[in-house]
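A quick write-up on the structure given underneath.
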Amino acid sequence: MQAFPNKAPRILISRLSHIGDCILTIPVANAVRDRFPNAWIAWAIESPGDRLIGECQAVDQVIPIPKGWLKKPLQTWRLRKKLRSLKFDICLDPQSLTKSAGIGWLSGAKIRMGLAPPLGRELAPRLNNLQVPVSSRHVVDRSVEMLKELGISEVQPEFRLTIPSGAAETALQITSKLGLENNFVVINPGAGWKSRQWSNERFGRVAKFLLESCALTPIVTWFGDAEERMADEIVTASGRAAVKVPATRLWELAGLIRKSAFYVGCDTGPTHLAAAVGTPCVTLFGTTEPEVSGPYEDDPDRPRHICVQKYYQSGTSRERRKGENHAMMAIETDEVCDAVLRMSQRLKCKNVA
């Protein structure tokens, strides 16, 4: 365990992107707050994740990080000046890449803690002066395991997300207008990587199955032009069984998901948001592994989520990010229909045999 200059250390969490990965890091902030209730905790993060972490009660300050700062010397200098003024004792880097470790290095924190190689990659092992070996597979578990160097161990990871009242009210207005209570399922087809996307036509057939065989109304959520086109294709392919809801921002989406029976989607930010607010997920995987980045299970002996994967499309991070969605397209419609039926039966949804 590391020694601290006082009982109220100033701690910086450097987890810059993406939405899903930032959600999976929230238990780190909560565990640190529980161990050091008098600590001052800041989180360095890029947009749009800053709006999410701004609602995390364990975090005292969100530090917005401009994208591309590493390539802009003047911006880097300004960022260094700002971070140094905050006088951090410790920087926690669960991302452990050059840009996240670079934030800790710029901050001047005496203890810059990251993951040991091979999880610590690029220049992170040189920029972080404490590399922690971990044995856990899941991102959440290994990020929390890293905290053992702070005397934090045997922690049950918790998200503790509270949906802002305005977003919850918007979700209620949407469901009330559609005449829905909790007898609906959220389908969110988007994914940051093309290699993580499934077929809109197949999502449409799953939506039709949900209505006809599970008596659950499928609603399709979206944000932005590309996702709206996906939603329109799903509604058409479902024979109008699916309902396209208005565009929803992150917390409004969380409000809808929280009210739903369960959630269907790919390995993406909204999936981890669903799990974090306590909603069971049916998730499709191709270029990622459920054991590493699947919806987090609070109790592995009593799983809440169902993951569907035909095979793992391996490769470097860049290869998987830039690759085609072959592994996703190997997943057949019937396999996903079987998964949503099993979820419906598990949850004893209305009118499901």
Side-chain angles (χ1 to χ4, degrees), residues 10-26 28-29 32 40-54 56 59-132 134 139 142-143 146 191-196 224 250 267-269 272 287-288 292-293 315-323:
R10 298 178 67 82
I11 299 174
L12 173 65
I13 297 172
S14 179
R15 209 334 165 177
L16 306 179
S17 60
H18 306 277
I19 290 292
D21 292 325
C22 292
I23 291 170
L24 294 176
T25 306
I26 288 174
V28 168
V32 171
W40 190 82
I41 302 173
W43 189 315
I45 188 169
E46 297 173 353
S47 177
D50 53 343
R51 294 193 291 273
L52 172 77
I53 301 306
C56 182
V59 176
D60 295 297
Q61 181 176 344
V62 173
I63 302 175
I65 303 297
K67 293 183 180 180
W69 62 273
L70 267 174
K71 299 177 182 179
K72 301 173 182 177
L74 181 58
Q75 207 168 67
T76 300
W77 175 255
R78 289 172 178 168
L79 185 57
R80 178 185 183 275
K81 185 177 180 181
K82 178 177 182 179
L83 291 170
R84 295 261 169 155
S85 71
L86 296 173
K87 302 184 185 304
F88 290 107
D89 300 304
I90 308 160
C91 178
L92 303 177
D93 175 22
Q95 191 169 9
S96 294
L97 297 176
T98 299
K99 65 177 185 177
S100 57
I103 292 294
W105 185 79
L106 286 178
S107 76
K110 293 181 180 179
I111 300 172
R112 301 185 301 279
M113 186 185 305
L115 297 171
L119 294 174
R121 293 179 288 153
E122 301 173 352
L123 296 179
R126 295 190 178 189
L127 297 172
N128 291 325
N129 57 13
L130 179 59
Q131 293 120 48
V132 185
V134 295
V139 171
R142 69 192 186 198
S143 296
M146 188 179 76
W193 301 358
K194 180 183 177 182
S195 59
R196 295 185 183 183
L250 194 64
D267 181 14
T268 186
H272 298 296
T287 55
T288 50
V292 176
S293 61
T316 65
S317 177
R318 179 180 176 82
E319 288 169 345
R320 290 181 291 114
R321 184 171 63 251
K322 300 295 185 181

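The figures here come from the full heavy-atom set of this structure, side chains too, leaving out hydrogens, waters and symmetry mates.
- Residues Arg142 and Val292 approach most closely at NH1-CG1, 4.1 Å, considering heavy atoms.
- Minimum heavy-atom separation, Ala191 to Thr268: CA-OG1, 3.8 Å.
- Here the straight-line distance linking atom CZ of Arg320 with atom CZ of Arg318 works out to 13.0 Å at 0.5 Å rounding.
- Remark: the backbone N or O of Leu123 is paired with a side-chain donor or acceptor of Thr98 at under 3.5 angstrom.
- Under the side-chain hydrogen bond (donor to acceptor under 3.5 Å, both in side chains) criterion, Thr288 pairs with Asp267, sequence neighbours left out.
- Heavy atoms only, all atoms of each residue included: Ile26 and Cys56 are closest at CG2-SG, 4.1 Å.
- Shown here is Arg84, whose CZ atom has more than 12 heavy atoms of other residues, nucleotides or ligands within 6.0 Å.
- Between Arg112 and Gly104, the shortest heavy-atom distance links the atoms CD-O, 3.3 Å.
- In this view, Lys67 satisfies the side-chain hydrogen bond (donor to acceptor under 3.5 Å, both in side chains) rule with no residue, not counting sequence neighbours.
- For CH2 of Trp69, the number of neighbouring non-hydrogen atoms (other residues, nucleotides, ligands) closer than 6.0 Å is greater than 12.
- Scored by the side chain to side chain contact (heavy atoms under 4.5 Å, CB included) test, Leu86 finds Arg10, Trp40, Gln61, Ile63, Phe88 as partners (sequence neighbours excluded).
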Under 3.5 Å, which donor-acceptor pairs do the side chains of residues 113-121 form with other protein atoms, sequence neighbours left out?
none

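- Scored by the side-chain hydrogen bond (donor to acceptor under 3.5 Å, both in side chains) test, Ser47 finds no partners at all (sequence neighbours excluded).
- Without hydrogens or angle criteria, Ser107 side chain to Leu83 main chain gives no donor-acceptor distance under 3.5 Å.
- Of all heavy-atom pairs between Ser143 and Pro94, the closest is OG-CB, 3.6 Å.
- Take Ser100 and apply the side-chain hydrogen bond (donor to acceptor under 3.5 Å, both in side chains) test, not counting sequence neighbours, and it matches Asp93.
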